[in-house]
S.K.: 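Structure in structure tokens, see below.
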Amino acid sequence: MNDLTIKYNELTAEEFILLWETVWGEGPSFEQTELALRHTLFRVSVYDKGKVVAMARMIGDMGLDYYIKDVVVRPEYQKRGIGRLLINELLKFIRENGVSGTDIFVELCAVPDKIPFYEKFGFDANEAQRLKMMCRVD
Ligand SMILES: CC(C)(COP(=O)(O)OP(=O)(O)OC[C@H]1O[C@@H](n2cnc3c(N)ncnc32)[C@H](O)[C@@H]1OP(=O)(O)O)[C@@H](O)C(=O)NCCC(=O)NCCS
């Protein structure tokens with residue numbers, strides 16, 4: 001961990017797509033990604049001697065709603081504590097920027113085998129077990 005560098009709000013669209021493709025197959029378009037990153041509240045990325053190895057980002061409205069997106073650690077760098085570092089940085093961002101003295105709820109969508117990872121940070125399925133609904137807009 002000591003030889004890794006953490007950067008804030010510097011993750012580029014090229015780096016995002018590259019990391020995406022190490023875990024999820026073909027990534028989104030450059031244009032879409034660049035627009036998404038421009039409208040992201042907070043980005044954190046991790047580098048090993050200049051090579052990007054992990055990323056995570058936070059979207060939301062800064063007041064009521066924060067949403068964690070695109071948490072990725074390159075497969076060969078997993079299980080070394082980098083995922084924990086990413087989530088801790090995102091939660092720190094909320095602590096430092098959210099309205100103090102209020103309850104702030106942070107949401108994310110976890111694939112089933114990643115639920116135990118997020119539970120380590122206190123994330124819990126909502127009581128109503130609401131399902132995420134999606135639709136494609138052409
Ligand atoms: C999920 C992911 C970000 C975890 O990153 P990581 O760097 O391997 O995680 P860490 O090494 O920081 O692990 C932190 C803790 O979570 C645990 N953990 C990590 N992945 C886990 C899993 N799939 N199931 C259970 N526990 C897990 C670790 O054992 C560790 O526990 P400890 O601190 O008590 O020892 C990484 O596996 C990844 O990028 N996966 C592919 C992309 C993905 O699926 N992202 C999440 C989308 S929902």
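Atoms within a ligand are numbered from 1 in the order they appear, just like the ligands themselves. Hydrogens, waters and symmetry mates are skipped; everything else that's a heavy atom, side chains included, is used.
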S.K.: Walk me through whether Tyr67 and Val106 qualify under side-chain contact (heavy atoms from CB on, under 4.5 Å).
M.R.: CA-CA 6 Å; Tyr67 202 107; Val106 189; over 6 Å; no

S.K.: Using a distance threshold of 4.0 Å (strictly less than), state whether atom 35 (O) of ligand 1 has a protein heavy-atom neighbour.
M.R.: no

S.K.: Any idea which protein heavy atom is nearest atom 39 (O) of ligand 1, and the distance to it?
M.R.: Val73 N, 2.7 Å

S.K.: Any idea which atoms of ligand 1 are less than 4.0 Å away from a heavy-atom of Val72?
M.R.: 39 (O)

S.K.: Check each of Phe121, Phe123, Tyr66 against Leu108 using the side chain to side chain contact (heavy atoms under 4.5 Å, CB included) test, and report the only one that passes.
M.R.: Phe123

S.K.: Just verifying a value: how many Å separate Gln32 CD and Leu37 CG, rounded to the nearest 0.5 Å?
M.R.: 11.0 Å

S.K.: Would you confirm whether Glu34, through its side chain, and Glu31, through its main-chain N or O, come within 3.5 Å as a donor-acceptor pair?
M.R.: no

S.K.: Look only at interatomic distance and state if Arg80 has a nitrogen or oxygen under 3.5 Å from any nitrogen or oxygen of ligand 1.
M.R.: yes

S.K.: Looking at ligand 1, does any of its N/O atoms fall within less than 3.5 Å of an N/O of Val71?
M.R.: yes

S.K.: What atoms of ligand 1 come closer than 4.0 angstrom to any heavy atom of Pro116?
M.R.: 24 (N), 25 (C)

S.K.: By number and element, which atoms of ligand 1 are closer than 4.0 Å to a non-hydrogen atom of Trp24?
M.R.: 42 (C), 43 (C), 45 (N), 47 (C)

S.K.: Between Asp61 (side chain) and Leu64 (backbone), is there a donor-acceptor pair under 3.5 Å?
M.R.: yes

S.K.: Among protein heavy atoms, which sits nearest to atom 38 (C) of ligand 1, and what does the distance come to when rounded to 0.1 Å?
M.R.: Gln78 NE2, 3.3 Å

S.K.: Counting heavy atoms only, which of Lys79, Arg74, Lys120 comes nearest to atom 8 (O) of ligand 1?
M.R.: Lys79

S.K.: Hey, does Ala110 come in under 3.5 Å of ligand 1, counting only N/O atoms on both sides?
M.R.: no

S.K.: Considering only non-hydrogen protein atoms, determine which one is nearest to atom 14 (C) of ligand 1 and report residue, atom name and distance to 0.1 Å.
M.R.: Phe117 CE1, 3.8 Å

S.K.: Report yes if some N/O of Leu85 lies less than 3.5 Å from some N/O of ligand 1; otherwise report no.
M.R.: no

S.K.: Please list, in number order, the atoms of ligand 1 under 4.0 Å from a heavy atom of Lys114.
M.R.: 1 (C), 23 (N), 37 (O), 40 (N), 44 (O)

S.K.: For ligand 1, note which part of Asp113 has a heavy atom under 4.0 Å away: side chain, backbone, both or neither.
M.R.: backbone

S.K.: Identify, for atom 33 (O) of ligand 1, the protein heavy atom at the shortest distance, and state residue, atom and that distance.
M.R.: Arg84 NH2, 2.7 Å

S.K.: When the ring planes of Phe93 and Phe42 are compared, do they come out parallel, tilted or perpendicular, using 30° and 60° as the limits?
M.R.: parallel

S.K.: Is ligand 1 less than 4.0 angstrom away from at least one heavy atom of Cys109?
M.R.: yes

S.K.: The test is side-chain contact (heavy atoms from CB on, under 4.5 Å); show your working for Ile59 and His39 and say whether it passes.
M.R.: CA-CA 8 Å; Ile59 59 174; His39 291 273; over 6 Å; no

S.K.: Do Met55 and Asp70 have side chains that get closer than 4.5 Å, going by heavy atoms?
M.R.: yes

S.K.: Hey, which atoms in ligand 1 end up nearer than 4.0 Å to a heavy atom of Gly81?
M.R.: 10 (P), 11 (O), 12 (O)

S.K.: Any side-chain to backbone donor/acceptor pair from Asn9 onto Arg43? Under 3.5 Å, distance only.
M.R.: yes

S.K.: Look at the rings of Phe16 and Trp20 and say which category their plane angle falls in: under 30° parallel, 30 to 60° tilted, over 60° perpendicular.
M.R.: tilted

S.K.: For ligand 1, which atoms sit closer than 4.0 Å to a heavy atom of Val111?
M.R.: 48 (S)

S.K.: Considering only protein heavy atoms, determine whether one is less than 4.0 Å from atom 2 (C) of ligand 1.
M.R.: no

S.K.: How long is the gap from OG on Ser29 to CD1 on Ile17, to the nearest 0.5 Å?
M.R.: 7.0 Å

S.K.: Taking Glu21 for the side chain and Gly27 for the main chain, is one N or O donor matched with an acceptor at less than 3.5 Å?
M.R.: yes

S.K.: At what distance is the nearest protein heavy atom to atom 7 (O) of ligand 1, and which residue and atom is it?
M.R.: Gly83 N, 2.8 Å

S.K.: When rounded to the nearest 0.5 angstrom, what is the spacing between CD1 in Ile87 and CD1 in Ile82?
M.R.: 13.0 Å

S.K.: Under 3.5 Å between some N or O of ligand 1 and some N or O of Tyr77?
M.R.: no

